[in-house]
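Notes follow once the structure below has been shown.
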Number of protein chains: 2
Amino acid sequence: MTDRSPLAESLAELGPIEGRRTLAAEIADRLRDLILLERLAPGAPIRERDLAEALGISRTPLREALRILEMDELVTYSATRRPMVADPDVTTLAQNLRVLGALEALAGEEACAQATDAELAALAAAAREMAERSDSDEPLAFFRRDMAFHSGIVEAARNPPLLRAHAQFNARLWRARFISSRRRLKRARTLEEHLDIAAALSARDAAASAAALRTHLGTAADNVAAARHDPGED
Amino acid sequence: MTDRSPLAESLAELGPIEGRRTLAAEIADRLRDLILLERLAPGAPIRERDLAEALGISRTPLREALRILEMDELVTYSATRRPMVADPDVTTLAQNLRVLGALEALAGEEACAQATDAELAALAAAAREMAERSDSDEPLAFFRRDMAFHSGIVEAARNPPLLRAHAQFNARLWRARFISSRRRLKRARTLEEHLDIAAALSARDAAASAAALRTHLGTAADNVAAARHDPGED
DNA sequence: GTCGATATTTTGGCATGCCAAAATGATCCG
DNA sequence: CGGATCATTTTGGCATGCCAAAATATCGAC
């Protein structure tokens, strides 16, 4: 590190100025996780005072966090401004899924032009590994691999705004996709499609990648719809 | 209106419960306009106290509004959390524009399936009218028609999440697109492309609509890049 | 005169408090 | 009893105040 005065140095050690985050952002992340994992049930009302106390913070940063989650559509407000955990219906989920499909298709295209060979190889390896472990993997582990594969594609596109938008829509759909993923019905198809996608990417065939991703997201939409109509099983 | 008790009625008249909005949301909208119209200059630091006072509100709702605009990427924060009006570079604008293109392409596809004949006719009429008025229109009026045409397509898709995402990205790009639109360089091409889009939509040809919108947004990207490299003129 | 240390001011983050409006519960009349 | 009315409590919205950290100004040494 560069030379600094004794005072400046001691200050630097105690208070890192880089990458500081606000409580609100931190809380938004925590709440996001709680919502995705259904520790906060969909449709459940959110009482600011209680939740703030439970989190050990005051209402001000909590309210800012709720604003963030409102933009993410993970928290909605009643007509009388009472906040609650979002609980989108099938139609809304399908609409979001189509947008996600368009975003991933674009990501696939851009990844063909922007990704390094190493990245594409890693994606291909991930798809292969998923296929091999398919039977042994626990639902959550399988699902995480699935999500990581998709996120990897978007990262490879090297388009930060796209990455953020993708993360946003992905979060909205996380729960629904996880639920439908637990029912192993179409795992085989999912895995095939992943391999198709990886192949198209490795060939740097933008059109094929986009097409493969679109049909894959279409499959996801079918799965979500099916899971909603026929809840039980797992 | 339905029968109500005298008391309930008088209360209803004074305090409309429907569609209530918060100050923060209101302020976010106002600030959005101020940013888009450059009454708040790109890159300018935002002092919460001053701005709150200027708006006649306290810092709390202003801060919540800034959170909203941060998600919209119209306000950014320095490493030390000092808020300022966003000032995206050309690369970022191009990246956002590609996302916007993907969103509009999807909107075009869905509009082909969802829009009413009347909506499509209105879009075609709008494109035609724009072409006719092309020479007489003031830059701002021309630009507003342009934006309205695009928004009309997205509305016709009847996909609320898509509509919101589109509005978000559109806002990010508003300034840049307006600036490039003022330089009338490629008005003719813009108008042609609008007619192409309208034609594809009227034919309810999803693939053609998507393709036309994509190339159109590509043109927009070129225009933005050109305007940045060669500022002056108008 | 310039650079660096230190004092001062400014700024954003968070907590607290108050208020109006909505939700809830008690009450009274039919 | 049932339903409307009124009292009570709860809740979210906003303003205010305090604090720590960053920015700026001040000063001093070389």
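Chain naming here is simple, since letters A, B, ... match the order of the sequence lines and numbering starts at 1 in each.
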Between the protein and nucleotides 13-16 of chain D, which nitrogen or oxygen pairs are less than 3.5 angstrom apart?
unit_1: D:dG13; atom_1: OP1; unit_2: A:Arg81; atom_2: NE; d: 3.0
unit_1: D:dG13; atom_1: OP2; unit_2: A:Arg63; atom_2: NH1; d: 2.0
unit_1: D:dG13; atom_1: OP2; unit_2: A:Arg63; atom_2: NH2; d: 3.3
unit_1: D:dG13; atom_1: N7; unit_2: A:Arg59; atom_2: NH2; d: 3.0
unit_1: D:dG13; atom_1: O6; unit_2: A:Arg59; atom_2: NH1; d: 3.0
unit_1: D:dC14; atom_1: OP1; unit_2: B:Leu23; atom_2: N; d: 2.7
unit_1: D:dC14; atom_1: OP2; unit_2: B:Leu23; atom_2: N; d: 3.4
unit_1: D:dA15; atom_1: OP2; unit_2: B:Ser58; atom_2: N; d: 2.8
unit_1: D:dA15; atom_1: OP2; unit_2: B:Ser58; atom_2: OG; d: 2.5
unit_1: D:dA15; atom_1: O5'; unit_2: B:Ser58; atom_2: OG; d: 3.4
unit_1: D:dA15; atom_1: N7; unit_2: B:Thr60; atom_2: OG1; d: 2.9
unit_1: D:dT16; atom_1: O4; unit_2: B:Thr60; atom_2: OG1; d: 3.3

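- Going from atom CG of B:Asp50 over to atom P of C:dT10 covers 11 Å, rounded to whole Å.
- Rounded to a whole Å, the CZ atom of B:Arg47 is 10 Å from the P atom of D:dT24.
- As judged by a 4.0 angstrom heavy-atom cut-off over every strand, B:Leu66 is placed among residues making no nucleic acid contact.
- Here B:Ile27 lies out of heavy-atom contact (under 4.0 Å) with every strand.
- Using a 4.0 Å cut-off, no side-chain N or O of A:Thr80 falls inside it from OP1 or OP2 of C:dA21.
- Between A:Trp174 and A:Phe143, the ring centre distance stays below 6.0 Å.
- With sequence neighbours left out, the salt bridge (charged side-chain N to carboxylate O under 4.0 Å, His left out) criterion links B:Glu70 to B:Arg67.
- Every pair passing salt bridge (Lys or Arg N to Asp or Glu O under 4.0 Å) that includes a residue from residues 147-166 of chain B is listed here, sequence neighbours excluded: A:Glu73-B:Arg164, B:Glu119-B:Arg158.
- In this structure B:Arg47 satisfies the salt bridge (charged side-chain N to carboxylate O under 4.0 Å, His left out) test together with B:Asp50, sequence neighbours excluded.
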Distance-only donor-acceptor hits, side chain of residues 30-40 of chain A, under 3.5 Å, sequence neighbours excluded:
unit_1: A:Arg32; atom_1: NH1; unit_2: A:Asp72; atom_2: OD2; d: 2.4
unit_1: A:Arg32; atom_1: NH2; unit_2: A:Asp29; atom_2: OD1; d: 3.1
unit_1: A:Glu38; atom_1: OE2; unit_2: A:Arg175; atom_2: NE; d: 3.4

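- The list of salt bridge (Lys or Arg N to Asp or Glu O under 4.0 Å) pairs with a residue in residues 92-101 of chain B, not counting sequence neighbours, reads A:Glu110-B:Arg98.
- Atom CD of B:Glu70 is separated from atom P of C:dG12 by 14 Å (rounded to the nearest Å).
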